[in-house]
Amino acid sequence: MIRQAVILAAGLGSRFGSRTKEMPKGFIEIDGIPIVERSVRKLIEAGVEDVIIGTGHCASYYEDLSKRYPCIRTVQNADYAATSSMGTLAVCASLVEGDFYLLESDIIYDAAGLFVLANDVRRDVILASGATESGDEVYLAYGSDGRLSRVGKDKAKVLGPSADSSPVAELVGISKIGKVTLDKMLAYYKSDPALKKIDYETVLAQVSVSMESPVFVRRVEFYAWAEMDDEAMLDRAVKHVWPRIQENESLHAVRREVLLDPGPSTTSDSVKYAQVCPDICPREAEFGSLVGWCAESLTSFVADPKDYTCVMFGCSGTGADEAMVSSCVPPGGRLLVVDNGAYGARLAKIASVYKIDMDVFKGSPSEPLDLAALEDAFKSGRYSSLAIVYHETTTGLLNPLEKICPLAKRYGLVTLVDAVSAYCGMPMDLDALGIDFASATSNKHIQGMAGIGFVICRRSELEKQKDWPMRSYYLNIYDQYRFFEETGQTRFTPPVQTFYALRQAILETRQETVERRFARYSGCWNILVAALKEMGLKMLVKEEHQSHFITAVLVPDTPRYSFTRMHDYAKERGYTIYPGKLGNIGTFRIANMGDIRPSEMERFVGILRDYMHSIGVC
Ligand SMILES: *Cc1c(COP(=O)(O)O)cnc(C)c1O
């Protein structure tokens, strides 16, 4: 897995004349997006979490870009005018931790190139293409073993006497390089001040030939890419290369199904593709560090990892609830479960299966909880623990945990929260909310694949469980936590590929941010609510108590209505909707979760309107 990329972006771009006088080349736009920004997006989609950009000429452009892309760090090459690309790589080198992609800033390329390099078994590989006739080629010569020997712009010189018979390989400007090779490149560069203006590719050839670090050329004959050094090259890129890149990439697009059900949710293609990775034994250290990284990242969305830790299991969200309820009530303790919907009832059911002493506090599924009555229950001194759902997915009702949990803590209760359909859908701070344990899953708002359930635990409360007898074996939180702390491995076989997808989903959540994700969901919800009102359909819960994540709609009062027919009508048009979950009141539910866009919600409300019209409702 390649976690880092370095983009060399210091150059003056003087051959563009006035166009790049006050702007770096990377900010030339194609189809409305700067080429370097598109490159950063491709790197994120390929699983890169840390993009280091070496800047020089007009560095402020990159600093502004880094404000919109939290994965970007910029490093300025102060001496950019007097050095070359190797000088810029040298200033970035101290941030590089392992294998990384090295890219030039002024290229457009098919993202398949990153996949090819990542999956090449060799460590140091330069991506190359066949002849482009672009006018400013850098040629590569390599032996029959693929090892790079010479590089340069003079084709005859590079290819040598056998120029006619050797295949032409052109440098693309994307390479995969290991830390050892980078260190050798630096040593060579620093060995002689006369090398100040040397290009990184020339240094790579040096290292490959004379420093026992072979660098290989991976030649992809018809690879779609273009570099931009002047107006003619830009023209060629826009007219001939960009359409090919778009076409190639469209061949990998997965047919879109928009899930408006409350989980699993719609995922991005990059999350789907993250599961396509080399097989790995989960007892390898590399996999352990992936799990540890996921745990810390999941925690950091809602808490400080110093105070909280995330314990994960291969299971659905209910598995996380079951782990939490069965593990976190002390022996001899008594649990109060708030039930104002199907998921609260499920928490109570789990507690009863484990024969945990318990009382149920019933609430209306559509009205806010009676906080005074709840406080009386806390005050009674009967309970060690509280279990409550944050967002009741049955109805879309959001329970005011910011009031309830601090109150419960004031009376000494430990708080167990089913945050499955709230986590990462809206900003939350577990400590500020007074939450000790929060359950969630990999497949709802975090937008990964189903299969990993996790509980984010306050460390001080988790440590208390050290000597408690286990109620469940597989789902015991403390044992799962202790084993991973001691060995860096999960106790049992984890859903390996689901972890790679989760990692990608975390990177994409960091990029979007939870705040903006909530704004996106709210945008979709506003479109839905406006359309429901226009159609004369009523919602079960008052708007001000709704989460914006799911909307329970009362079914229209006509015998012509059929959920199945409405579902099938929407499904044929690419949308999946969900029935209600309340026994006595007829509802259907529309969720705003996952990778859905306002434009898709616009289209959906049109479909809903057409169906309602067909049964005479509007
Ligand atoms: C989705 C959900 C769950 C878990 O459902 P699974 O099907 O087990 O993943 C639990 N609680 C709430 C509030 C939910 O929305």
Side-chain angles (χ1 to χ4, degrees), residues 259-267 298 302 312-328 337-351 353 360 363 365-366 369 386-401 404-405 415-426 428 430 433 435 437-456 472 474-475 495 498 501-502 505 518 521 525 540-541 545-552 576-582 587-594 596:
L259 303 182
L260 301 181
D261 58 71
S265 315
T266 310
T267 53
L298 292 172
V302 293
M312 298 182 276
F313 299 88
C315 63
S316 81
T318 305
D321 284 340
E322 185 158 342
M324 178 170 71
V325 170
S326 66
S327 303
C328 302
V337 182
V338 174
D339 167 4
N340 59 342
Y343 294 96
R346 188 179 291 178
L347 293 175
K349 175 76 188 172
I350 293 168
V353 167
V360 174
S366 54
L369 286 164
L386 168 73
I388 185 167
V389 174
Y390 200 162
H391 168 230
E392 215 356 301
T393 324
T394 321
T395 54
L397 187 69
L398 195 64
N399 286 323
L401 292 199
I404 294 171
C405 290
T415 51
L416 283 52
V417 172
D418 171 341
V420 176
S421 66
Y423 173 81
C424 275
M426 58 191 214
M428 67 174 78
L430 297 188
L433 285 166
I435 296 176
F437 297 95
S439 61
T441 144
S442 53
N443 75 90
K444 289 194 181 179
H445 299 303
I446 190 77
Q447 299 183 181
M449 293 294 161
I452 299 168
F454 53 92
V455 182
I456 300 179
S472 159
Y474 184 84
L475 291 174
T498 307
L502 178 58
F518 180 65
Y521 291 155
W525 179 78
L540 180 69
V541 176
H545 304 311
Q546 286 190 38
S547 60
H548 303 188
F549 305 141
I550 194 159
T551 307
T576 303
I577 60 171
Y578 218 57
K581 210 176 184 154
L582 280 174
T587 57
F588 64 89
R589 290 181 295 168
I590 307 297
N592 294 302
M593 294 187 181
I596 60 166

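The analysis underlying the following values was restricted to heavy atoms, covering all of them including side chains, and did not include hydrogens, waters or symmetry mates. All ligand and atom numbering here is 1-based and tracks the order in the structure. Count residues from 1 along the sequence.
- Inspection of the T393 and S421 side chains reveals an N or O donor paired with an N or O acceptor under 3.5 Å.
- H391 contributes atom NE2, which lies 10.5 Å from atom CE of M428 (distance to the nearest 0.5 angstrom).
- The protein atom (non-hydrogen) at minimum distance from atom 1 (C) of ligand 1 is K444 NZ, 1.4 Å.
- One finds the CG atom of N340 at 4.5 Å from the CG atom of N399 (value rounded to the nearest 0.5 Å).
- With a 4.0 Å heavy-atom cut-off, ligand 1 is reached by the side chain of D321 but not by its N, CA, C or O.
- Of all the heavy atoms of T318, the ones lying under 4.0 Å from any atom of ligand 1 are found in both the backbone and the side chain.
- Looking from atom 11 (N) of ligand 1 to the surrounding protein, the closest heavy atom is D418 OD2, 2.7 Å.
- Remark: minimum distance from atom 12 (C) of ligand 1 to any protein heavy atom is reached at Y343 CD2, 3.3 Å.
- Of the protein's heavy atoms, T393 OG1, 3.2 Å lies nearest to atom 13 (C) of ligand 1.
- Looking at every heavy atom in both residues, L398 comes nearest to M426 through CD1-CE, 4.0 Å.
- A donor-acceptor contact shorter than 3.5 Å is absent between the side chain of S439 and the backbone of V455.
- Residues L386 and V338 form a side-chain contact, since some pair of their non-hydrogen atoms from C-beta on lies under 4.5 Å apart.
- When all heavy atoms of D418 and M324 are compared, the closest pair comes out as N-CE, 3.9 Å.
- Of the listed residues (T441, I550, V420), the one carrying the non-hydrogen atom nearest atom 3 (C) of ligand 1 is V420.
- If you check which protein heavy atom lies closest to atom 9 (O) of ligand 1, you get G317 N, 2.9 Å.
- The closest non-hydrogen atom to atom 7 (O) of ligand 1, taken over P262, P264, S316, comes from S316.
- Close contacts between ligand 1 and S421 involve ligand atoms 13 (C), 15 (O) [criterion: under 4.0 Å to a heavy atom].
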Exercise. For ring pair (Phe, Tyr, Trp, His ring centres under 6.0 Å), just list the numbers for F454 and Y423, CA-CA rounded to whole Å, side-chain angles, deciding distance to a tenth of an Å, and then say yes or no.
Key: CA-CA 11 Å; F454 53 92; Y423 173 81; 5.3 Å; yes

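- Distances shorter than 4.0 angstrom do not occur between any heavy atom of E392 and any atom of ligand 1.
- When each atom of ligand 1 is checked for a heavy atom of H391 under 4.0 Å away, the hits are 13 (C).
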